[in-house]
Amino acid sequence: MKWRISGALAGALLASGAIASPALMPLPTSVTRGEGVLPLDGPLAPVWSGCGDARRLRDAAGRLRADIDRQTGRTFAGKAVPVTIACATTSDAADKGEGYRLTVATDGIRIDAQGQSGVLRAFATLRQLVGLSPGGATLAAMTIDDAPRFAWRGVMLDTVRHFLTVDTIKRQIDAMERVKLNVLHLHLSDDQGFRVESRRFPLLTAANGGEFYTQAQIREIVAYAADRGIRVVPEIDIPAHTRAIVNAYPAIGVRGKPGALGIADTALNPASPETYRFLTALIGEMAALFPDPVFHAGGDEVPRGVWDGDESVKALMAREGLKDTRAVEHYFHRRVQQILRRAGKTMLGWEEIATGLGVESDAIVQSWQTSNATADVTARGYRTVVSAGYYLDLLMPAEFHYAIDPADSASAGMTPEFANGLRKLSPFLEGFVSDALIAFPRPPLTAAQEKLILGGEAPLWGEIVTDELVDQRLWPRAAALAERFWSARSVRDPADMYRRLGEVGALLSVSGTNDQASMARMATRLSPTAPEPVLTLLSIVGPVRNMAHDHRIKAMLAGKMIEQPLNALADAAPVDSMAARRFAAAAKRYAEGDRTLAPLLTAELTRWRDNDAGFVAISAGRPMLEAARPASAQIAALAACGLEAVAAIEAGKSLDPAAVARARGLLDTLDQQEKASWRPIESLLKPQPPADMIVKIGPGIRTLIEAAGERR
């Protein structure tokens with residue numbers, strides 16, 4: 001007996017147990033269940049045909065075997081499992097030929113792929129089918145037909161604010177391969193530094209303290225990614241975000257008037273021929289290091305007024321008939337587009353490159369502020385990569401990003417009502433909250449506009465992300481976005497997403513991501529002799545959002561500059577607490593009548609309640625931990641309320657009204673703390689919870705309280 005199901009239905013059936021299979025993420029296009037099982041008693045033995053150069057696939061098969069060894073903890077010494085692989089084309093391009101059919105039969109595995117990249121994507125699915133199976137892996141017979149919705153499924157890493165080592169970047173590339181992400185966008189230059197060795201302009205890296213990539217290391221990263229079906233797109237951000245470039249080569253820059261902190265806005269000089277000679281040489285050198293046809297030239301956030309007092313810019317405006325400095329910006333972008341063309345590259349830039357007259361329509365535009373930008377630039381004929389709504393550094397939960405589709409026209413951004421409320425608070429905010437930040441109502445994109453969307457990309461800016469923190473700020477949330485960019489638009493259920501994300505996150509950790517290891521290391525650093533109470537607390541809290549944890553911003557608003565060490569509990573805490581989500585799901589099933597869950601809930605609540613005493617003891621004399629004592633006490637009080645609720649339900653009684661009121665008061669406080677950082681800018685104005693941490697067990701506790709309070 002066989003049947004065929006869509007990706008969305010596959011998720012529902014996998015969740016219900018109708019199909020006994022590990023979690024798959026991204027969800028495939030379709031799953032057809034067959035009869036019987038395939039035991040994995042021996043190593044996988046791939047044989048391929050029509051796939052071109054076999055070296056890349058041999059290496060990929062080796063990685064697959066190594067991952068399965070890690071996932072099972074076993075040595076497979078039995079009969080080899082045949083894996084027959086056929087490719088329709090020899091192409092190995094990362095963005096072509098990614099579709100595949102994966103067939104598991106009782107006598108072996110077959111992969112029919114569009115191209116080599118399709119084989120890599122099938123291998124990623126096969127890893128997840130094996131799952132974490134220390135008792136031995138057995139695969140159900142099935143056929144999976146799959147292909148991506150979007151060709152561009154990316155992650156952006158900021159290597160400038162905090163330098164990322166080559167090993168860290170490679171580790172992210174490995175994880176990207178496992179969830180079918182295929183574009184790594186490296187942000188390589190900004191005010192704080194220039195991170196690539198330039199032999200033409202060696203002063204660019206002279207002030208970096210050795211924290212830059214040699215050209216050999218760049219080639220190493222690019223080759224490493226290509227072997228895994230991942231493109232590497234470089235970004236050299238110009239004309240703004242260029243203080244490091246101008247500090248090294250002042251002749252090509254313009255500095256405005258010093259601001260409140262004594263620092264002048266800086267940009268490249270758009271009127272100087274020397275600027276374009278410099279860029280021609282620099283881009284030519286960088287283009288040779290990155291073979292991808294796309295080159296990101298930044299183009300965002302040119303400070304208003306930075307060029308106003310420069311006589312050469314005034315002369316340029318008169319000569320070219322440019323009415324204002326915004327037109328000067330457009331002039332600069334078009335000149336850069338010509339330089340990139342001569343270097344054999346297609347220009348990619350942030351949405352500002354397409355405002356006003358903008359660059360020519362063969363450029364690619366990255367929308368970043370709102371979904372309106374996606375609607376606007378596609379209406380003008382630009383191909384678009386969507387990042388609006390996907391900024392992982394804002395520390396929003398996976399479900400927030402997951403709810404936003406790349407083809408949405410008005411979902412990411414401030415509402416007009418919220419923006420107007422902010423503008424009324426102060427003259428500063430009235431000028432700061434521009435229309436570019438507001439998601440105004442827009443009609444849905446037309447079919448022609450949707451065809452211009454290349455895909456989506458999740459940026460991880462580095463202001464509060466160090467090399468140590470990258471893994472836990474990317475994973476597992478980036479896996480949810482991998483699904484948003486790969487799977488059908490109809491795959492939208494956040495509960496099922498989280499069910500699978502928990503398993504996929506565990507799989508990624510076992511396979512090599514550093515998120516869990518980093519949290520354990522940070523907890524041990526904070527409490528060397530007894531990290532367990534710290535780890536228990538960290539498992540059910542999360543950091544405040546929308547830059548509320550970036551204390552440098554509040555200091556700058558007060559006219560000060562500070563260095564923020566990123567080694568506190570809020571830095572170690574995961575954005576999504578899987579433990580709290582599992583607890584909430586169990587509480588919901590219990591409230592609906594599954595009484596077998598009472599011992600599990602009681603044990604978890606007791607552990608959380610009793611952890612407070614241990615946390616208070618180990619935090620004594622450690623200010624970074626003492627700051628979190630209120631959160632620990634809050635957890636203990638909420639857990640005690642939950643225990644009362646379970647006890648009442650088990651006794652068949654209604655929870656005392658006074659206990660219900662007390663619990664609701666605690667939960668209402670928790671809700672206010674959660675909301676304090678839910679929206680941008682407002683997060684910088686409202687007081688935040690102690691130690692910048694949000695306690696995450698509230699939804700599960702509320703479910704128990706309401707269930708116990710309603711009993712008669």
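What's counted below: heavy atoms across the whole structure, side chains too, no hydrogens, waters or symmetry copies.
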In terms of relative ring orientation, are [X] and [Y] parallel, tilted or perpendicular, with 30° and 60° separating the classes?
{"X": "Y331", "Y": "Y276", "value": "perpendicular"}
{"X": "W678", "Y": "F400", "value": "perpendicular"}
{"X": "H333", "Y": "H330", "value": "tilted"}
{"X": "F485", "Y": "Y390", "value": "perpendicular"}

[X] side, atom [atom1]; [Y] side, atom [atom2] - distance, nearest 0.5 Å:
{"X": "I697", "Y": "Q634", "atom1": "CD1", "atom2": "CD", "value": "8.5 Å"}
{"X": "L188", "Y": "E235", "atom1": "CG", "atom2": "CD", "value": "8.0 Å"}
{"X": "R473", "Y": "T466", "atom1": "CZ", "atom2": "OG1", "value": "9.0 Å"}
{"X": "T374", "Y": "Q366", "atom1": "OG1", "atom2": "CD", "value": "10.0 Å"}
{"X": "F212", "Y": "L204", "atom1": "CZ", "atom2": "CG", "value": "10.5 Å"}
{"X": "D435", "Y": "N372", "atom1": "CG", "atom2": "CG", "value": "9.5 Å"}

Quick check: closest heavy atoms across [X] and [Y], and the distance to 0.1 Å?
{"X": "L537", "Y": "A631", "result": "CD1-C, 4.5 Å"}
{"X": "W475", "Y": "D515", "result": "O-OD2, 3.9 Å"}
{"X": "R702", "Y": "D671", "result": "NH2-OD2, 3.0 Å"}

Presence of salt bridge, [Y] and [X], under 4.0 angstrom:
{"X": "D393", "Y": "R161", "answer": "no"}
{"X": "R255", "Y": "D310", "answer": "no"}
{"X": "R304", "Y": "D324", "answer": "no"}
{"X": "D237", "Y": "R243", "answer": "no"}
{"X": "D308", "Y": "K257", "answer": "no"}

Between [X] and [Y], do the side chains contain an N or O donor and an N or O acceptor separated by less than 3.5 Å?
{"X": "Q337", "Y": "D362", "result": "yes"}
{"X": "W368", "Y": "E352", "result": "yes"}
{"X": "Q369", "Y": "W350", "result": "no"}
{"X": "S411", "Y": "D408", "result": "yes"}
{"X": "D467", "Y": "T168", "result": "yes"}
{"X": "H187", "Y": "D158", "result": "no"}

Under 3.5 Å, side chain of [X] to main-chain N/O of [Y], donor-acceptor pair present?
{"X": "K696", "Y": "V575", "answer": "yes"}
{"X": "R484", "Y": "H401", "answer": "no"}
{"X": "R326", "Y": "G356", "answer": "no"}
{"X": "S683", "Y": "N546", "answer": "yes"}
{"X": "Y391", "Y": "W461", "answer": "no"}
{"X": "S312", "Y": "A271", "answer": "no"}
{"X": "Q564", "Y": "H549", "answer": "yes"}
{"X": "T242", "Y": "I238", "answer": "no"}

CE (M414) with more than 12 external heavy atoms under 6.0 Å = yes

ask   = Is it the case that more than 12 heavy atoms not belonging to K451 sit under 6.0 Å from its NZ atom?
value = no

ask   = Can W307 and M317 be said to form a side chain to side chain contact (heavy atoms under 4.5 Å, CB included), step by step?
value = CA-CA 11 Å; W307 292 321; M317 294 172 68; over 6 Å; no

